[in-house]
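Take a look at the structure set out below.
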Amino acid sequence: MRVRTPRTVAEAEAIQDELRPLLDLTGPGPERPATVAGVDVAYDGDRLAAAVAVLDGTTLEVLEEVTVTGRTAFDYVPGLLAFRELPALLDALERLSLVPELVVCDGYGLAHPRRFGLACHLGVLTGLPSIGVGKTAFVGSHAEPGPARGSQADLVLDGEVVGRVLRTRDGVKPVFVSVGHRVDLDTACRNVLGLTPAHRLPETTRVSDRLSRAALSGAR
DNA sequence: GCGACAG
DNA sequence: ATCTTGTCGC
């Protein structure tokens, strides 16, 4: 599948509003996924490298890795990240031999100005269960979660819960979790905790991050 | 009107 | 995202 590349911000927002109804927020989604994919993109000017890493959901062992390189076709605009990263990510996902039971994205899903962040967009276009894990605040307000790993606080936007601020390590800055497609928020958070046995960020994003950077430098 | 703003 | 040294802690 391909991403429609908009020419303007207005066009991009219209596409998000058009795809938003296709979201499946029914859940619950995979509780103990056998395979989980992490996706990430690295940049160097207008060059980019997208990476997908599929890990065993239990042992977190890397089962498969795919990278693709290309050029940016859309500048970064807050709220429109998907149009910048999705073309290359979908390209990489299509080259996978394994079909992951869950995809973990770098960024946000439902916690988005129009409720259609990168994780939602990727999920709708691929049909795969997906969630978003952001490292910094984007939208919504929240209380400070407790200091212990596992502590959570609702992320609220316009009066509705759109995500959760989750502490994955004792005393370490929390991550922002929101659902993408075919997964509910509690299941998303449980999966994130299962993917963070030793670090703040999920192993899936750590592996795909390293992979995309390596592919970027190796492709020159 | 003026900032803030995933990666 | 990316630009970047030393430094604290497991």
Side-chain angles (χ1 to χ4, degrees), chain A residues 3 5-6 9 12-13 15-16 19-20 38-53 67-92 103-124 130-142 147-149 155-158 162-181 185 188 192 196-202 204-217 219-220:
Chain A
V3 192
T5 298
V9 166
E13 295 179 341
I15 290 173
Q16 294 181 323
L19 295 177
R20 170 75 181 69
V39 298
D40 195 20
V41 182
Y43 302 87
D44 175 25
D46 65 342
R47 290 197 312 128
L48 63 78
V52 180
T67 62
V68 299
T69 57
R71 291 186 176 285
T72 57
F74 200 87
D75 287 330
Y76 170 69
V77 177
L80 303 181
L81 177 65
F83 295 100
R84 182 172 172 77
E85 309 212 323
L86 227 34
L89 287 179
L90 294 180
D91 194 347
V103 179
V104 179
C105 300
D106 255 51
Y108 287 65
L110 245 204
H112 175 278
R114 283 169 299 287
R115 307 296 191 277
F116 202 71
L118 173 65
C120 297
H121 206 143
L122 184 149
V124 164
S130 62
I131 65 175
V133 178
K135 299 179 282 295
T136 62
F138 178 37
V139 293
S141 56
H142 63 86
R149 164 180 157 84
L155 222 203
V156 180
L157 179 61
D158 299 326
V162 294
R164 202 161 286 156
V165 181
L166 173 66
R167 188 90 63 187
T168 55
R169 290 274 281 161
D170 289 355
V172 173
K173 177 208 275 211
V175 296
F176 299 77
V177 179
S178 56
V179 306
H181 185 57
L185 191 51
V192 170
T196 52
H199 299 281
R200 177 171 85 115
L201 299 178
T204 39
T205 91
R206 288 167 47 78
V207 174
S208 56
D209 178 78
R210 267 181 270 137
L211 192 57
S212 62
R213 296 193 199 204
L216 191 59
S217 41
R220 55 173 348 205

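Worth knowing before you read on, the calculation uses all heavy atoms, side chains too, and leaves out hydrogens, waters and symmetry mates. Letters A, B, ... mirror the listed sequences (proteins, then strands); counts begin at 1.
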Side-chain donor or acceptor of [X] paired with backbone N/O of [Y] under 3.5 Å:
X	Y	value
Ser178(A)	Gly109(A)	yes
Ser130(A)	Ala119(A)	yes
His112(A)	Gly79(A)	yes
Arg169(A)	Ala198(A)	yes
Arg149(A)	Asp170(A)	no
Arg71(A)	Leu48(A)	no

Original post:
What does Arg169(A) touch in the nucleic acid at a heavy-atom separation under 4.0 angstrom: a base, only the sugar-phosphate, or nothing?
Top reply: nothing

Subject >> Tyr43(A) and Glu85(A) side chains, donor-acceptor separation under 3.5 Å >> reply: yes

Original post:
Between dA1(C) atom C1' and Phe74(A) atom CZ, what is the distance in whole Å?
Top reply: 16 Å

Original post:
Would you call Asp40(A) and Arg210(A) a salt bridge, using N to O less than 4.0 angstrom?
Top reply: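 Salt bridge flag = no for Arg210(A) with Asp40(A).
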
N/O to N/O distances under 3.5 Å, protein versus nucleotides 1-7 of chain B:
{"unit_1": "dA6(B)", "atom_1": "OP2", "unit_2": "Tyr76(A)", "atom_2": "OH", "d": "2.9"}
{"unit_1": "dA6(B)", "atom_1": "N7", "unit_2": "Gly79(A)", "atom_2": "N", "d": "3.1"}
{"unit_1": "dA6(B)", "atom_1": "N6", "unit_2": "Gly79(A)", "atom_2": "O", "d": "3.0"}
{"unit_1": "dA6(B)", "atom_1": "N6", "unit_2": "Leu80(A)", "atom_2": "N", "d": "3.3"}
{"unit_1": "dA6(B)", "atom_1": "N6", "unit_2": "Leu81(A)", "atom_2": "N", "d": "3.2"}
{"unit_1": "dA6(B)", "atom_1": "N1", "unit_2": "Leu118(A)", "atom_2": "N", "d": "3.2"}
{"unit_1": "dA6(B)", "atom_1": "N3", "unit_2": "Tyr108(A)", "atom_2": "N", "d": "3.0"}
{"unit_1": "dG7(B)", "atom_1": "OP1", "unit_2": "Lys135(A)", "atom_2": "N", "d": "2.9"}
{"unit_1": "dG7(B)", "atom_1": "OP2", "unit_2": "Thr136(A)", "atom_2": "OG1", "d": "2.9"}

Original post:
With Watson-Crick and G-U wobble geometry limited to distances under 3.5 Å, how should the secondary structure of DNA chain B be encoded in dot-bracket form, using | for bases paired to another strand and [ ] for crossing pairs?
Top reply: .......

